[in-house]
2 protein chains.
Amino acid sequence: MNTPTPSSSNVQWLTLFDRVSDSNLSLQSRIRKMLVSAILSGHLPPGAPAPSSRQLSESLGIARNTVVFAYQQLVAEGYLVSRERSGHFIADDVLRNHVPAMAHEEVKPAQHTDASWQRRMIFHPSRQRNIVKPENWQSMPYPFVYAQFDSAQFPTAEWRECCTRALSVLDIRSWAPDLVTSDDAALIEEIRSQVLPRRGVWAEADEIVVTVGAQHALYLLGDLLIDDHTVVGMEDPGYPDARNTFAHRTEKLMPLPIDNEGLCITPTLQNCDYIFVTPSHQCPTSVTLPMERRVALLELVSRSDGIIIEDDYETENRYDGHPSPALKSLDRHGRVIYIGSLSKSFAPGLRIGYIVAPRELASELRALRRLMLRHPSSYIQRAFALFISLGHHHSLLRRLSVLYAERAAELTKAIHQTLPEFELIPISGGSSCWLKAPAGVDTEKLAEAALVEGVVVEPGHVFYHHPGPHNKNYLRMGFASIDTNKIPEGIQRLAKAYHHMTQASTHHSATPKRLRTP
Amino acid sequence: MNTPTPSSSNVQWLTLFDRVSDSNLSLQSRIRKMLVSAILSGHLPPGAPAPSSRQLSESLGIARNTVVFAYQQLVAEGYLVSRERSGHFIADDVLRNHVPAMAHEEVKPAQHTDASWQRRMIFHPSRQRNIVKPENWQSMPYPFVYAQFDSAQFPTAEWRECCTRALSVLDIRSWAPDLVTSDDAALIEEIRSQVLPRRGVWAEADEIVVTVGAQHALYLLGDLLIDDHTVVGMEDPGYPDARNTFAHRTEKLMPLPIDNEGLCITPTLQNCDYIFVTPSHQCPTSVTLPMERRVALLELVSRSDGIIIEDDYETENRYDGHPSPALKSLDRHGRVIYIGSLSKSFAPGLRIGYIVAPRELASELRALRRLMLRHPSSYIQRAFALFISLGHHHSLLRRLSVLYAERAAELTKAIHQTLPEFELIPISGGSSCWLKAPAGVDTEKLAEAALVEGVVVEPGHVFYHHPGPHNKNYLRMGFASIDTNKIPEGIQRLAKAYHHMTQASTHHSATPKRLRTP
């Protein structure tokens, strides 16, 4: 078994087989994967005999039939050829058009580049201030993170049904080609007729542009509309990703104050070319902009020749039963650009969102998107169109909304009971809350301390344009990813970390004890 | 049936049912879709009785069981409630959180915007010169278009298998959350260990960045590395999408001459900060850059502090059996940025590609991508990882390569026989060819005339930096989307259009007869 000749018998099958065991595959798929890898890496060279199915089934302790089926597929796909009475052989032309293998060391490029990349970069996006979550948040017992993912709520059967249906011959024919500037017409129609009317928005198909999530919508708008002369008003505190996207194009960001009803409508807003606003649930405070302010804002931009960029996220999560119509639905002068997300609620990793904009802008956004990436994956678009049309999307959103309302109530109770010295903005919707710790508390340190207790919370300073001592004591807590029944214990542990920290800082005066970071 | 009261009996079910008939759905799904639509649009208001399953099955002429199953699902998803002995009713809270419906006219926003969008746009991507295909090219009998889609070659069963597997509980857990700056680790591993070694490229996981297709890779590089001081060298003729992407960032594009061996390595290249090159198959001529020129190019940029952007597309389609190693595989100084596509070969609409770049650049590209759109859909990433690891991808590429070689031979023969006055650059790889018509022929007019014959060809002028009379007589013809046995007739018809056009122009001297455009 140990002589290094390139025949099939000396490959240590069990070792190779174990190497593909991490993946979540059937036995037959694992055999296929193992052999493909051995063939393409040159371990089983062209023309060499494959191990007999009997031999392989014995080495691996697997039913012979399983091996035989895997071999049949490999023959069909051209990896193996079967010769009567002699067994299976690696196909002669299997490595055709491969650059001949050289020793890895010989071809490895220099690890060090002499091209001084730092000097070459126009800007450094990695240096922008942004929300940072611990990488292992999913394995933490109390993840109060925002807009992430609750595997228990994923609509597996429904999404699978739509993905499979989108692979019918007729469907493939319509989504598989490069759509160039277009979108999947079926998805546009569902957004137009099912999704937008719930927000009171009526749009034509050519006013809708599909994006790779809401983030992509912001980037397209920034790239097309904003240069270094453009004044962009941003809620403060506000959404860091929007701030960063617009900051990439202009230095003229104007922080706009908010209060417990959201954006304050002040004369200053007249100086903005664009105003980015989150009226459904202000990010990060989750408060809803009242109708009077909506009307006032629309009147203001109409007078000042301003444009509103409305990020209307999580509109379905409204717990008091009084949905506010989108700004876009009240817009009589074509001054609102509307951004929506589709996948955020159940699988942010899917990345699908959209923009509703006046026709001439939408058309140019589509041309820019073509230049940037053509279009969001049309397979995902088609699957999502089915997901909406069969009623799964609406049903899911309703279910999540009920669940989040329960969690919001549980969280409110726990905070009032366990952390009475914290101020909580009443939660009327959304999937996160905004919490003010007593003055002097540094929530970044609190978040570190909480993490040691298995609790993930998000320090609030990143939401502020000018982070400073006066806004170090805010905290955002999401509840889309934490089980309802874990909320009380999570808050208990947060309180423990808080009390430990404040006692330590009382004892050691100005220099608080450095807590262990994970 | 015609009284307009909001009860279920007066809904004209057969009409509604016919309206959802265009989609490729089962009867049960069509019933579901129809009822969801009727409920969400308010035709069946909350609390109203649903039609009895007997009534609906009779109206539609469908087995009662089919209706019963559809109703069960609608109950499970909260659209209907079932009351014993009274039948089904629309759920009371089904429109919860919807903005109350108003008359469509009442809420429709102004069709005219007073925001003067043209003035607001920083640039007009729609005005860039680009490849334009007739929208209905798929229904044309002789589509010689580039890199599109041949439904007969789509690996339906294999892709479906991978999409379904990617929906296992374990898989969902790993792809569904927002990955922020990351990619799916499984896909990165397959690109690193299976895809790149075929090109002689060895990279570490942190040197690979997944993109929404190769176009997205170009855009990221342009946004991060190119400003109005940057000199970018481009093959001329060359790839219009790359030219447009870089032209968006700098006016200093330097056209670089090519000949029958691809990019000419001249001292002028030393003046470029970046050189965009397509060495495997020069776009649009399809010629392969020989080894000597590869080595010379790498030496040149190393001396001149230049960087190469290598678009290594369709490397698997090489018909003479002598693959050239990628420039990236020969790079000893970290001066090559490598761009690859994964989905282009069988479903461009999937949109998945990647960049291989030195570590510090890759890291900043990932931060920029986060700002732009977070990451390409991680569901597609996971499905593609499986598609590669199970051997389907490699097997498909080999199959297509054999098929394209056949088509290339057929096309060469047909052109030599039928259009001997046209010069064809010998096809050694790729999925398109480059054809020079006799001087004086305007291929844009030829393409229009051919379309009347059902033949789609692409005029070549768009590939030139400076389109003019001297380069009006080129043509690109793709053969990825046309059946092999249709090629001879397609060329016959092209010849017919050509002869008709040239005779017409001879007869009418300087003003050629205007041909009917479709």
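The analysis underlying the following values was restricted to heavy atoms, covering all of them including side chains, and did not include hydrogens, waters or symmetry mates. In this text the structure is predicted, and so the values were computed from the model without any measurement. Just so we're on the same page: letters track the sequence lines, and every chain starts at 1.
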Residue among A:Leu396, A:Leu365, A:Thr164, A:Thr211 with most heavy-atom pairs under 4.5 Å to chain B: A:Thr164
Choice from B:Ala347, B:Ser126, B:Pro376, B:Pro177 maximising heavy atom contacts with chain A below 4.5 Å: B:Pro177
Distance-only polar pair, side chains of B:Arg165 and A:Ser29, donor-acceptor under 3.5 Å: yes
A:Arg120 side chain reached by B:Ile307 side chain, heavy atoms, under 4.5 Å: yes
Closest contact, heavy atoms only, B:Val36 versus A:Leu390: CG2-O, 3.9 Å
B:Ser116 side, atom OG; A:Asp305 side, atom CG - distance, nearest 0.5 Å: 5.5 Å
Under 4.5 Å from a heavy atom of chain B, the part of A:Glu77 involved: both
Interchain contact, A:Gln138 with chain B, by part (heavy-atom threshold 4.5 Å): side chain
Non-hydrogen side-chain atoms of B:His98 and A:Arg199 separated by less than 4.5 Å: no
Pairwise side-chain contact, A:Asp241 with B:Arg374, heavy-atom cut-off 4.5 Å (strictly under): yes
A:Asp223, part contacting chain B, at a heavy-atom distance under 4.5 Å: both
Winner by heavy-atom pair count (cut-off under 4.5 Å) against chain B, out of A:Asn130, A:Leu397, A:Ile131, A:Leu373: A:Leu373
Donor-acceptor side-chain pairing of B:Arg398 and A:Tyr79 below 3.5 angstrom: no
Most contacts with chain A, counted as non-hydrogen pairs under 4.5 angstrom, among B:Ala326, B:Ser168, B:Ala176: B:Ala176
Which of A:Gln381, A:Arg249, A:Arg369, A:Arg399 touches chain B most, by non-hydrogen pairs under 4.5 Å: A:Arg249
Under 4.5 Å from a heavy atom of chain A, the part of B:Phe154 involved: side chain
Any side-chain heavy-atom pair of A:Tyr379 and B:Ser377 under 4.5 Å: no
Per-residue contact mode, A:Leu350 against chain B (heavy atom under 4.5 angstrom): both
Part of A:His394 within contact of chain B (heavy atom distance under 4.5 Å): both
Leading residue by heavy atom contact count with chain B [cutoff under 4.5 Å; candidates A:Val212, A:Thr315, A:Ile388, A:Leu167]: A:Leu167
Closest non-hydrogen atom pair, A:Ser401 against B:Arg96: OG-NH1, 3.4 Å
Pairs of heavy atoms under 4.5 Å with chain A: top-ranked of B:Gly213, B:Ala76, B:Cys163: B:Cys163
Residue A:Ser26 versus chain B: region with a heavy atom under 4.5 Å: both
Sub-4.5 Å side-chain heavy-atom contact between B:Leu224 and A:Phe123: yes
Toward chain B, the part of A:Val94 with a non-hydrogen atom under 4.5 Å: both
Engaged part of B:Leu179 at the chain A interface, taking heavy atoms whose separation is under 4.5 Å: neither
Part of A:Ser151 lying under 4.5 Å from any heavy atom of chain B: side chain
Any B:Glu364 side-chain heavy atom under 4.5 Å of A:Pro125 side chain: yes
Contact summary for B:Asn244 and A:Leu371, nearest pair of heavy atoms: CB-CD1, 3.5 Å
CD/A:Glu135: more than 12 non-hydrogen atoms of other groups inside 6.0 Å: no
Under 4.5 Å from any heavy atom of chain A - which part of B:His392: both
B:Ser193 side, atom OG; A:Leu40 side, atom CG - distance, nearest 0.5 Å: 9.5 Å
Verdict with reasoning, A:Met372 to B:Gln215, per side-chain contact (heavy atoms from CB on, under 4.5 Å): CA-CA 6 Å; A:Met372 194 181 281; B:Gln215 182 77 30; over 6 Å; no
Which portion of A:Ile226 sits near chain B, non-hydrogen atoms under 4.5 angstrom: backbone
Proximity breakdown for A:Arg370 and chain B, heavy-atom pairs closer than 4.5 Å: both
Non-hydrogen atoms of A:Met121 and B:Leu361 that approach each other most closely: CE-CA, 3.9 Å
A:Val180 and B:Val132: CA distance, side-chain angles, deciding distance, side-chain contact (heavy atoms from CB on, under 4.5 Å) verdict: CA-CA 9 Å; A:Val180 195; B:Val132 180; over 6 Å; no
Contacting region of A:Glu158 [heavy-atom separation from chain B under 4.5 Å]: side chain
Largest heavy-atom contact set with chain B, pairs under 4.5 Å, which of A:Ile172, A:Asp227, A:Thr245, A:Leu386: A:Ile172
Residues A:Lys344 and B:Asp178 bridged, charged N to O under 4.0 Å: no
Region of B:Glu161 that comes under 4.5 Å of a non-hydrogen atom in chain A: side chain
Beyond-backbone contact of A:Val99 with B:Arg198, side-chain heavy atoms, under 4.5 angstrom: no
Shortest non-hydrogen contact between A:Gly334 and B:Trp117, atoms and distance: O-CZ2, 3.7 Å
Max heavy-atom pair count under 4.5 Å with chain B, selected residue of A:Asp93, A:Val169, A:Thr230, A:Asn317: A:Asp93
